[in-house]
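This is a predicted model, so every value here is computed, not measured. Here is how names work: the chains are called A, B, and so on, in the same order as the sequence lines, proteins then strands, and each is numbered from 1. Any value given below was found using the heavy atoms of this structure, including those in side chains, with hydrogens, waters and symmetry copies removed.
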Amino acid sequence: MTTAAGSNPSEDAPRAAPLAGQSCRRIDGAEKVSGRALYGADFFPREAELFAKVLRSAHAHAKVLSIDTSKARAIEGVVGVYTHKDVGGTNRHGLIRRDHPALVEDRVRYCGDAVAIVVAESERVAEFARDLVEVGYQELPVLGTIDDALAPGAPQIHPEGNVMGDKRIRKGDAEAALETSDVVVRDTFETQTTDHAFLDLEAGIARFDGEQLTIRAAGQWVHEERRLVALAVGLEPERIRIIQPCTGGAFGGREDISIQIYLAVAALHHPHQTVALRYSRAESMIARHKRHALRIHYTLGAKRDGTLTAAKVVVYSDEGAYASTGIAVMRKAASHATGPLRVPNVSVDVYGVHTNNNPTGAMRGFGASQIAIAYNGMMQRLARALNMNPLDLYMKNLIDSGDSVTTGQRISDPTIKECLQAAMDQFHSKPFPSDALPPHLRRGWGISVMCFGLGYGDGFPDCSRVRVAIDEKGVFTVYTGAVDFGQGLPNAMAQIAGTELGAKLDQVHVVAADTGRTDESGSSSATRQTYFTGNAVRMAASELREQLLDIAGVHLRVHPHEISLGPGKSTDPTGFAYETANPDNRASLADLVVEGRKRGYPLEARALFKPRTVPGQAATGPSQGVYHLPVRGPRIAGIGGRRNRRDPRRTAHRLPRRGQSHQSPIGRGADRRRGGPRHRHGFDGRGGHARRCVAEPWLHRLHRTHDHGRAADRSGYRRARRPRWAVRGPRRWRAPVDRRRTGGAVRDLRRYRGGSQQAAL
Amino acid sequence: MSHNTPDGLTGLALTPDTFHLRCAINGESIERDVAVDRSLLSFLRDDLGLTGTKGSCLEGECGSCTVLIDGVPVNSCITLAAQVNGRQVVTIEGLSRDDKLAILQEKFLEAGAVQCGYCTPGLILAATALLQENPEITEEQLIKGVEANICRCTGYSSIVEALRNAHREMHS
């Protein structure tokens, strides 16, 4: 009803700043700080009736001759032991190629391959019985490195051979341009595999009621997971519902399916009982895909004045045992091979090679970050060869509007130069810390630039679907299939919707990532959700707004153009539609919903946001529109200092050379290593394990002083002194599995060979 | 066939001995028989349903499972349930009563120090002990005091801001 009450909505609400852009409290924050939020493992004491455990392979590469489950079945409390024969569908999964058996058939290809699932009445019994499953193996030679896998006569991991795929880009004529360049620098970079190490271990529950299979487990793309489960276990997708619980981080590590298929297999064999499954940290490390280790051979040519002329890049990528998202990672690495640098002639060849290491797939940056180590490293080497300040060299060669990146895609209005300048200004405006450090630590700064394409790119269909509705109470709800694992997606979507609809944050609810209730919004990866789902929310909310304005127009007897939507005062339970020029003429949204229902308005709106990209070139010739908004700013970071070293994005690729003790969460890793007060490690005061997290490679150089790296260039980081305790450091980096068993999956960072620089001035 | 289990969970007893445990959890007296090899973490979570305490590394490294035993922050994943016999245990559920959040919890929300939220309960408990003990605290001590808690989303600067704000409010 129209109200002419004393409160004037124009006084506060309509003039309030739009919700988008404000720093709001997290919608799910109170649940999280009070411990009420339910993560995957939190369903265990509440709902679990049966417990599943997965038996993993004992070898990195072997034929499976026999699987004997009789001893395990004989244990009291065991209700079932399942192998590939008990999986109803194709028993296959894989985001790009369906090449990964859910439960192995005749062969294991890495240590994380799942052999059998044991289901029991308690977790303890399931674990006990799992060890009694007897598997006969015939060991095969383990291909632990790319070189092993490419050696003549190496056994084939897949029938198609050990080369999984390749990707080429040709822009101009790199070979010819290198011939005529004044300076050419060459080097080889090797990056290491990295685990995502999210805190919230894989855990979840599933229940099959005879008709519908419901799985509560964390992923990054619930709708794709539903398709993969359906394919693997042979159930129609419509009969599967996947609901994302509260999720403690992902970083790409939940992109490949994890426990969902095992849960489905167990639940289908035990209808009407809730089956629960969780990994230990060790199992999580062993089973999950990793960041790709790349070996990058980089040749960069320039004129004497520093202008880049050509880049020739050859990359070998360790794809591990299965395809995962490897092909897409190779594409991303290839298409970002020269980053935000203006290089007129580019030749890129990327080869993906199967090994018996963990499958490698998505992890923050998706290939673009590994290659950034190489091109930033090459810029340093070039600066040294030219005797130029690296910053000047960057400024000379960063793209301007209209320049093209690696793929030939032309970029309009990149801001990378301004960004780098702003970062440097900020850096120069602060005094370099002068407080004393322990003798084995030095403080320095590094800087790098990189770019990253949003979305899947490369012509891959990429879209978000969203529904926005309003209920009888005047509360809006955004339904999106997008997953939140801590990045704040509900807030972002609620704030975007609230901006369109003139609503306060608490008037917008978000229902996310439930295949039973939400439409598909693609994966939460590739930095895409705010752009894709955010735009879909904006479009849907805007359509719903139009409906509300239409209803209000009739209700308030003014033209919809003259009506605004506003949130009302803080005491108002609902928002209002009001005449912009005369705010007293208004109606509550709840009333408008009643009115709208009578008039047959849907009071909800759906939207699809689907900007097209085009495939990257097959062989040669530039290609436009490969990615959206591809240029991002530089990163600047202190290294070897005392704080913020936990930020993986700020952690030096080469950090282990000095700070092998990587890394205390806040504060100095070295202090922990030296056995400082550690009264918090349990009651008996033991503790002091070395940290096993692995740094994300990002920066490529250690600059020891505040002079754009010149001093570092003179002294050479390779000769930088290391404290004695750090010499044995890299061993401590290894995951708690031995090298033989992983087939060398855990790399030794010292394999990095940096030395073959050539300068021809 | 111990070689079948790469995660080292062999040698598990199928029917372990039990221990009669008496302790106070969040001020409430509890008396239970627990398996002697039951960790405090799994006792709290799986037996008592107090799932606010999180398990992550399960080897005393990440601090997600921090609880207070007689006011001292301890990693519950490497503490046996039997070890808290006769002691007072406080978990995250014990900090906010009747939906009223503690100062630290409020400050965490205010500073945006919560992302995925998995490290948050452990961090808040570790910080609770730290801030209560020290009416005067330097930035260095503040950071050192919670260095055994990993935030994998790497939101450390806002966490430190939340601690600073909470300390100011608690001791003003």
Side-chain angles (χ1 to χ4, degrees), chain A residues 23 25-26 28-30 32-39 41-42 44-46 55-56 58 111 124-125 127-128 130-135 197-201 246-249 280-283 286 485-488 643-644 646-648 664-667 672 680-683 687 689 691 737 741, chain B residues 1-10 12 14 45-47 49 51-62 64 69 73-75 78-79 83 91-93 96 101 105 108-110 112 114-121 124 126 143-144 146-154 156-157 160:
Chain A
S23 186
R25 281 196 178 195
R26 282 187 81 95
D28 53 359
K32 284 178 172 175
V33 295
S34 59
R36 289 198 304 267
L38 293 182
Y39 296 79
D42 299 342
F44 272 60
R46 290 176 173 81
L55 173 69
R56 302 279 166 189
C111 276
R124 185 185 286 269
V125 170
E127 224 161 74
F128 189 88
R130 176 183 62 181
D131 296 354
L132 298 178
V133 176
E134 292 180 20
V135 185
F198 42 73
L199 290 181
D200 177 16
L201 291 166
C246 190
T247 307
S280 66
R281 175 60 66 184
E283 189 172 8
I286 289 165
F485 37 73
Q487 79 272 38
R643 284 167 203 152
N644 285 333
R646 277 295 305 167
D647 184 341
S664 73
I666 305 177
R672 304 189 40 156
R680 307 251 328 275
H681 273 288
F683 249 13
H689 302 267
R691 291 220 171 275
V737 280
R741 277 236 299 257
Chain B
M1 302 292 282
S2 61
H3 67 274
N4 270 341
T5 57
D7 60 358
L9 287 170
T10 51
L12 201 82
L14 197 50
R45 288 179 54 87
D46 299 334
D47 292 358
T51 52
T53 307
K54 304 296 178 197
S56 180
C57 72
L58 309 178
E59 57 178 41
E61 273 298 303
C62 72
S64 303
I69 301 180
V74 168
N75 289 325
I78 51 169
T79 303
Q83 280 177 288
T91 69
I92 191 74
E93 288 89 351
S96 51
L101 297 179
Q105 292 170 316
F108 261 66
L109 288 180
E110 235 166 59
V114 183
Q115 291 183 61
C116 85
Y118 207 79
C119 70
T120 308
I124 288 178
I143 289 166
K144 226 161 162 36
V146 292
E147 76 165 16
N149 293 71
I150 291 179
C151 165
R152 185 62 176 139
C153 306
T154 62
Y156 292 113
S157 48
V160 172

**Q** Do B:Thr51 and A:Arg46 have side-chain atoms, one donor and one acceptor, less than 3.5 Å apart?
**A** yes
**Q** Looking only at non-hydrogen atoms, find the nearest pair between A:Val33 and B:Gln105 and report the distance.
**A** O-NE2, 2.8 Å
**Q** How close do B:Cys119 and A:Leu199 get, counting heavy atoms only, and between which atoms?
**A**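 Shortest heavy-atom separation between B:Cys119 and A:Leu199 comes out as CB-CD1, 3.7 Å.
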**Q** Quick check on the interface: out of B:Thr53, B:Leu101, B:Asp46, who has the most heavy-atom pairs with chain A under 4.5 Å?
**A**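 Greatest number of close heavy-atom pairs with chain A: B:Asp46.
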**Q** About how many Å separate OG of B:Ser56 and CZ of A:Phe198, when rounded to the nearest 0.5 Å?
**A** 9.5 Å
**Q** Applying side chain to side chain donor-acceptor pair (under 3.5 Å), can you list everything that pairs with B:Thr91, at least two apart in sequence or on another chain?
**A**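 Residues passing side chain to side chain donor-acceptor pair (under 3.5 Å) with B:Thr91: B:Asn26, B:Glu93.
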**Q** Determine the option with the most heavy-atom pairs under 4.5 angstrom with chain B, choosing from A:Gly488, A:Ala37, A:Ser34.
**A**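 Most heavy-atom pairs under 4.5 Å with chain B: A:Ser34.
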**Q** Which pair of heavy atoms, one from B:Cys116 and one from A:Phe485, lies closest together, and at what distance?
**A**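 For B:Cys116 versus A:Phe485, the nearest heavy atoms are CB-O, 3.3 Å.
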**Q** Checking A:Ala41 against chain B: side chain, backbone, both or neither under 4.5 Å from a heavy atom?
**A**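 Looking at A:Ala41, backbone and side chain both touch chain B.
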**Q** Could you tell me whether the side chain of B:Lys54 and the main chain of A:Asp200 form a donor-acceptor pair under 3.5 Å?
**A** no
**Q** Taking side-chain contact (heavy atoms from CB on, under 4.5 Å) as the definition, give me every residue that meets it alongside B:Asp47, ordered by chain and number, with sequence neighbours left out.
**A** B:Arg32, B:Val34, B:Arg38, B:Phe43
**Q** By a 4.5 Å heavy-atom criterion (distance strictly below it), what part of A:Thr247 contacts chain B: side chain, backbone, both, or neither?
**A** backbone
**Q** In terms of heavy-atom pairs under 4.5 Å, which option from B:Leu58, B:Thr120, B:Leu109 contacts chain A the most?
**A** B:Leu109
**Q** I'd like to know if the side chain of A:Arg26 and the backbone of B:Val114 have a donor-acceptor N/O pair within less than 3.5 Å.
**A**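 Yes: the side chain of A:Arg26 pairs with the backbone of B:Val114.
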**Q** Over all heavy atoms of both residues, which pair between A:Arg25 and B:Glu110 is shortest? Give the atoms and the distance, please.
**A** NH2-OE2, 3.6 Å
